[in-house]
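There's a structure below that I have some questions on.
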Amino acid sequence: MRVSEIRDLIRVKPVELDATRRRLSACHDIDDLRATGRRLIPRPVFDYVDGGADEEVSLRANTRAFRQFRFQPRTLVNVSEPDTSGAFLGSVTPLPLALAPTGYTRMMHPAGESGAARAARRHGLPYTLSTMANTTIEDVASAAGGADLWFQLYIQRDAGLNKELVDRAAAAKYRVLVVTVDCFVTGHRSRDRRNGLVIPPELTLSTLASIAGKPGYWTRMLRNPAIEFANFAGHAAVTIEGTGQLFNPAITWDDIAELRARWPGRLVVKGPLGPSDARHAVSVGADGVQLSNHGGRQLDRAVPPVHTIAAVRDTVGPDVAVLVDSGVRHGSDIAVALALGADACAIGRAYLYGLMAGGEAGVDKALDILAAQFKRTMQLLGVRSVPELRSLGPSLLVKG
Ligand SMILES: Cc1cc2nc3c(=O)[nH]c(=O)nc-3n(C[C@H](O)[C@H](O)[C@H](O)COP(=O)(O)O)c2cc1C
């Protein structure tokens with residue numbers, strides 16, 4: 001058989017000349033973005049994103065926990081126009097999703113925090129800037145003007161610095177303060193220790209090998225400003241392995257109450273893992289909680305947050321915002337979390353894999369993938385809106 005004979009039966013896909021677009025068009029889920037990022041990025045950097053604490057028990061359990069639920073769908077309810085929009089903490093978003101804070105984001109790609117925030121803006125989603133960002137609070141605000149920006153605070157030993165950061169975020173019109181409470185001592189990141197991850201990178205033999213193996217990454221990095229802890233300029237120099245010295249292991253709920261009094265906007269406590277700490281957060285004035293085990297990067301063997309949603313919702317009632325992160329890799333995970341009582345999910349690695357695979361366009365791709373998956377899951381579940389998904393709730397789920 002000759003090609004001319006079957007030409008009318010097949011369509012030849014046009015060749016995409018732009019390498020990034022070509023790579024991204026071959027990614028159909030978050031795992032594809034992860035695999036692409038892994039090919040392009042030096043091992044110590046990829047592992048910094050991908051890895052967890054100690055034996056990575058929680059890291060693995062987080063994704064598995066979402067997949068333990070099986071759906072019990074309804075059918076024949078006209079799902080031609082499902083409304084996927086979410087409403088939480090004063091945001092109305094096309095999808096019940098936020099971008100979680102991630103430190104050192106410019107190490108993955110120079111687009112870094114600003115690129116991720118712009119992608120979030122294009123998708124109408126909130127972006128949370130980390131205390132440990134490589135771009136300043138003010139620069140992200142001007143690079144992504146009009147985005148729904150949240151600021152994440154690690155409470156540090158230097159009380160003056162905490163106040164300065166919070167005041168700068170308020171002045172730059174960040175809308176929500178997210179206070180992380182599971183990182184007063186840094187977790188033991190086994191892969192980082194093994195890889196000797198330090199900033200600036202130390203030219204060990206393995207670093208040199210990874211430079212040779214990933215020239216595109218290093219060319220990009222060398223053409224862009226050096227990576228630094230942008231929000232601490234003028235304060236003590238910090239290295240990636242020394243960040244533990246910054247955090248204050250003596251913090252208590254009183255510190256959250258103090259921040260509550262200082263911060264004019266909404267306040268979320270990130271890191272409770274059950275009803276008792278969620279109740280505490282509300283009692284000191286938090287508007288919401290972000291159930292999280294830090295993506296398995298802090299206390300290894302910490303419970304997957306998805307398992308705590310129902311009990312937390314029962315405890316805090318309907319008016320407190322409940323967000324969930326750690327392990328979200330698919331739109332179906334968002335549907336599971338909402339059916340259990342969450343208002344929204346947040347993602348860390350899912351968008352970082354996109355950033356590593358294709359910079360800002362890769363973050364767009366990750367968000368497109370999750371949005372399409374969530375919509376299709378809603379349709380196949382037989383639900384027409386997020387409130388309907390929430391009200392049908394656990395009747396849609398079977399523990400598999
Ligand atoms: C590379 C990386 C850096 C992170 N940096 C921070 C941070 O600076 N502040 C913070 O509160 N959480 C940080 N986190 C945790 C995320 O905000 C979020 O809780 C976690 O990534 C959710 O799990 P997931 O990656 O499975 O989505 C980081 C996570 C990753 C993967």
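Not measured: the values here are computed from a predicted model.
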key: Ionic contact status for Arg38 with Asp31, cut-off 4.0 Å   =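 Looking at Asp31 and Arg38, the cut-off is not met.
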message = Tell me whether the count of non-hydrogen atoms from other residues, nucleotides or ligands lying under 6.0 Å of CZ in Arg194 goes above 12.
response =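 Not buried by this count: 12 neighbours or fewer within 6.0 Å.
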request  = Identify whether the distance between the nearest side-chain nitrogen and carboxylate oxygen of Arg262 and Asp167 falls below 4.0 Å.
outcome  =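 Counted as a salt bridge, because a side-chain N and a carboxylate O are separated by less than 4.0 Å.
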ask   = Distance only, no hydrogens: is a donor on one side chain within 3.5 Å (strictly under) of an acceptor on the other, for Gln298 and Asn293?
value =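 Side-chain D/A pair, Gln298 to Asn293: absent.
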Pair Ser332-Thr377, side-chain donor/acceptor within less than 3.5 Å =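 There is such a pair between these side chains.
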Lys/Arg N to Asp/Glu carboxylate O, Arg122 vs Asp364, below 4.0 Å =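 Salt bridge flag = yes for Asp364 with Arg122.
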request  = Output yes when Arg168 and Glu164 qualify as a salt bridge under the 4.0 Å nitrogen-oxygen rule, no when they do not.
outcome  =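 Glu164 and Arg168: salt-bridged.
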message = For Asp254, is there an ion pair with Arg260 - N to carboxylate O distance below 4.0 angstrom?
response =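 No, no charged N to carboxylate O under 4.0 Å.
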task = Give a yes or no on whether a salt bridge exists between Asp47 and Arg191, defined as a side-chain N under 4.0 angstrom from a carboxylate O.
result =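 Answer for the salt bridge query: yes.
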message = Is there a path of hydrophobic side-chain contacts, each under 4.5 Å between heavy atoms, that joins Val166 and Phe247?
response =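 Same hydrophobic cluster.
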ask   = Same cluster for Leu59 and Leu352 if Ile/Leu/Val/Met/Phe/Trp/Tyr side chains link at under 4.5 Å?
value =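 Looking at the clustering, Leu352 is in a separate group from Leu59.
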ask   = Above 12 or not: heavy atoms from other molecules or residues under 6.0 Å from CZ of Arg301?
value =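 No, CZ of Arg301 has 12 or fewer neighbouring heavy atoms, counting only those of other groups under 6.0 Å.
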task = Inspect the contact between Asp50 and Arg34 and indicate whether a charged nitrogen and a carboxylate oxygen are less than 4.0 angstrom apart.
result =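 Salt bridge present between Arg34 and Asp50.
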Lys/Arg N to Asp/Glu carboxylate O, Arg106 vs Glu113, below 4.0 Å =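 Here Arg106 does not pair with Glu113 in a salt bridge, since their nearest N and O are not under 4.0 Å apart.
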query = Do the side chain of Gln373 and the main chain of Gly331 share a donor and acceptor less than 3.5 angstrom apart?
reply =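 Checking the backbone N and O of Gly331 against the side chain of Gln373, a donor-acceptor pair under 3.5 Å is found.
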ask   = Does Asp192 offer a backbone N or O that forms a donor-acceptor pair with the side chain of Asn195 under 3.5 Å?
value =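 Not confirmed, Asn195 side chain does not pair with Asp192 backbone.
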message = Under a 3.5 Å threshold, yes or no: a donor from one side chain and an acceptor from the other, between Thr128 and Gln152?
response =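 No donor-acceptor contact under 3.5 Å links the two side chains.
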query = Any side-chain donor paired with an acceptor under 3.5 Å for Arg175 and Ser91?
reply =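 Side-chain D/A pair, Arg175 to Ser91: present.
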task = Tell me who clusters with Leu323, hydrophobic residues only, linked when side chains sit under 4.5 Å apart either directly or through other members.
result =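 Under the 4.5 Å side-chain rule, Leu323 groups with Phe88, Leu89, Trp150, Val176, Val178, Val268.
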key: hydrophobic_cluster_shared for Leu153 and Val185, side chain cutoff 4.5 Å   =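 Both belong to a single hydrophobic cluster.
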task = Is it possible for you to say whether Val79 and Leu95 belong to one hydrophobic cluster, with membership spreading through side-chain heavy-atom contacts below 4.5 Å?
result =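 No, no single cluster joins them.
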inquiry  = Under a 3.5 Å threshold, yes or no: a donor from one side chain and an acceptor from the other, between His294 and Asp325?
reply    =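 There is no such pair (donor and acceptor under 3.5 Å, judged by atom type) between the side chains of His294 and Asp325.
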request  = Would you verify whether the NZ or CZ of Arg297 falls within 45 degrees of the ring axis of Tyr48 while also being under 6.0 Å from that six-membered ring's centre?
outcome  =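 Flagged: Arg297 positioned over aromatic ring of Tyr48.
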query = Does any donor atom in the side chain of Tyr154 or Ser130 lie under 3.5 Å from an acceptor atom in the other side chain?
reply =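 Ser130 and Tyr154 do not have a side-chain donor-acceptor pair below 3.5 Å.
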ask   = Does the side chain to side chain contact (heavy atoms under 4.5 Å, CB included) test come out yes or no for Met132 and Tyr104, once each step is laid out?
value = CA-CA 6 Å; Met132 309 310 289; Tyr104 321 121; 4.0 Å; yes
